[in-house]
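Accompanying notes for the structure given below.
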Amino acid sequence: RREKRRSLGIDIGDFVVGYLGRLSEEKGLYYLIKAIIELRYSRLPIKLLIVGDGPERPILEKMVKENGAETNVFFAGFQTDIENWLPVFDVFVLPSLTEGTPMALLEAMAMGVPVIATAVGGVPELVKDGVNGLLVPPRSSQEIKEKIEFIGHNAPIRLKIAQNAIDTINSKYNIYNWCKEIEDEYFSLFH
């Protein structure tokens, strides 16, 4: 965590909001960046770390530059060692406009990174608002901003949500349960 932050020029005391995934329009990154731009003036020493690549990257980089937020928003590009990037985040935000069951969200929760995600697709089946994560409506930079501030200023709640997320993944998304579901599906085809 310290080493990765140092290499990016992020201070150990900074509150790092992270995103991991494809940089495409349906991922809603415009709304996350807009929230971060507004949060620059809050008491929270905020940084946004975007890990991933895609067609929206030039547009998002331009948005950051035009708003003078280059010292607050970092683009790390495509990375393969996700397990080394997730610990850098204080909170993982998934601002998607549409989603299935996002693997990046599962990975963040499994590693105990608190999550804020839009209530779209399969996300509400996974994230229970205020229990193992926080939900926001899609296309709402204001709601994203408020939830980041809330979790950033409430370490005990952040820790509780992170632990509940780990428990959720361990109980519902472990290899035994996945194998059992696949097995049950196969058996249902023959009966």
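Quantities reported herein were computed from a predicted structural model and do not represent experimental measurements. Basis for what follows: all heavy atoms, side chains included, without hydrogens, waters or symmetry-related copies.
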Side chains of Pro95 and Tyr19: closer than 4.5 Å at any heavy-atom pair? yes

Just grab all the salt bridge (charged side-chain N to carboxylate O under 4.0 Å, His left out) pairs involving residues 65-89, residues at least two apart or on different chains. Lys4-Asp81, Lys62-Glu66

Min side-chain heavy-atom separation Ile161-Val131 under 4.5 Å: no

Could you grab the distance from atom CG of Leu94 to atom CG of Leu29, nearest 0.5 Å is fine? 8.5 Å

Least distance between heavy atoms, Gly122 atom then Thr101 atom: CA-OG1, 4.5 Å

Please test Ile59 against Tyr30 for side chain to side chain contact (heavy atoms under 4.5 Å, CB included), starting from the C-alpha separation and ending with a verdict. CA-CA 9 Å; Ile59 296 161; Tyr30 165 84; over 6 Å; no

Is there a path of hydrophobic side-chain contacts, each under 4.5 Å between heavy atoms of I, L, V, M, F, W or Y residues, that connects Val127 with Met103? yes

Using a 3.5 Å distance criterion without hydrogens, assess whether the side chain of Asp14 forms a donor-acceptor pair with backbone atoms of Asp11. yes

Not counting sequence neighbours, which residues clear side chain to side chain donor-acceptor pair (under 3.5 Å) with Arg158? List them please. none

Please check this pair: side chain of Arg5 against backbone of Val88, looking for a donor-acceptor N/O pair closer than 3.5 Å. yes

When every non-hydrogen atom of Ala76 is compared with those of Leu49, the smallest separation belongs to CB-CD1, 4.0 Å

Salt bridge (charged side-chain N to carboxylate O under 4.0 Å, His left out): which pairs involve residues 133-145, sequence neighbours left out? Lys145-Glu149

For the pair Ser42 (side chain) and Leu44 (backbone), establish whether a donor and an acceptor sit closer than 3.5 Å, ignoring hydrogens and angles. yes

To the nearest 0.5 Å, tell me how far Ile37 CD1 sits from Leu48 CG. 9.5 Å

When you compare the side chain of Asn132 with that of Asp167, does any pair of heavy atoms fall below 4.5 Å? no

Note, Val73 side chain near Val64 side chain (heavy atom, < 4.5 Å): yes

Can Leu8 be reached from Val16 by stepping across I, L, V, M, F, W or Y side chains whose heavy atoms are under 4.5 Å apart? yes

The complete set of salt bridge (charged side-chain N to carboxylate O under 4.0 Å, His left out) pairs with one or both residues in residues 104-126, sequence neighbours excluded, reads none

Counting only heavy atoms not in Phe75 (residues, nucleotides, ligands), do more than 12 fall under 6.0 Å from its CZ? yes

Spacing of OG belonging to Ser141 relative to CD1 belonging to Ile36, to within rounding of 0.5 Å: 10.5 Å

Hey, quick one: are Met109 and Ile157 part of the same hydrophobic cluster, counting side-chain heavy atoms closer than 4.5 Å, chains of contacts allowed? yes

Gly100 to Pro102 - nearest heavy-atom pair and separation: O-CD, 3.4 Å

If you apply the rule side chain to side chain contact (heavy atoms under 4.5 Å, CB included), what do you find for Phe15 with Val91, and how did you get there? CA-CA 8 Å; Phe15 187 78; Val91 63; 3.7 Å; yes

Is it the case that one hydrophobic cluster holds both Leu159 and Ile151, taking links as side-chain heavy atoms less than 4.5 Å apart, direct or via other members? no

Rounded to the nearest 0.5 Å, what separates atom CG in Asn72 from atom CG in Asn67? 10.5 Å

Applying salt bridge (Lys or Arg N to Asp or Glu O under 4.0 Å) to Arg1 and not counting sequence neighbours gives Asp90

Among Leu135, Ile148, Leu32, Asp129, which one satisfies side chain to side chain contact (heavy atoms under 4.5 Å, CB included) with Ile116? Ile148

Can you name the closest pair of heavy atoms from Val120 and Pro138 and give their distance? CG1-CG, 3.7 Å

Restricting to pairs with a member in residues 22-49, which pass salt bridge (charged side-chain N to carboxylate O under 4.0 Å, His left out), not counting sequence neighbours? Lys27-Glu99

Residue pair Phe78 / Val51, side-chain heavy-atom distance below 4.5 Å: no

In Å and rounded to the nearest 0.5 Å, what is the OG to CD distance from Ser140 to Glu146? 7.5 Å

Please say yes or no: joined through hydrophobic side-chain contacts below 4.5 Å, possibly via intermediate residues, are Val113 and Leu126 part of one cluster? yes

What distance do Phe92 atom CZ and Leu20 atom CG have between them, rounded to the nearest 0.5 Å? 5.5 Å

May I ask you to decide if Ser96's main-chain N or O and Thr118's side chain share a donor-acceptor pair within less than 3.5 Å? yes

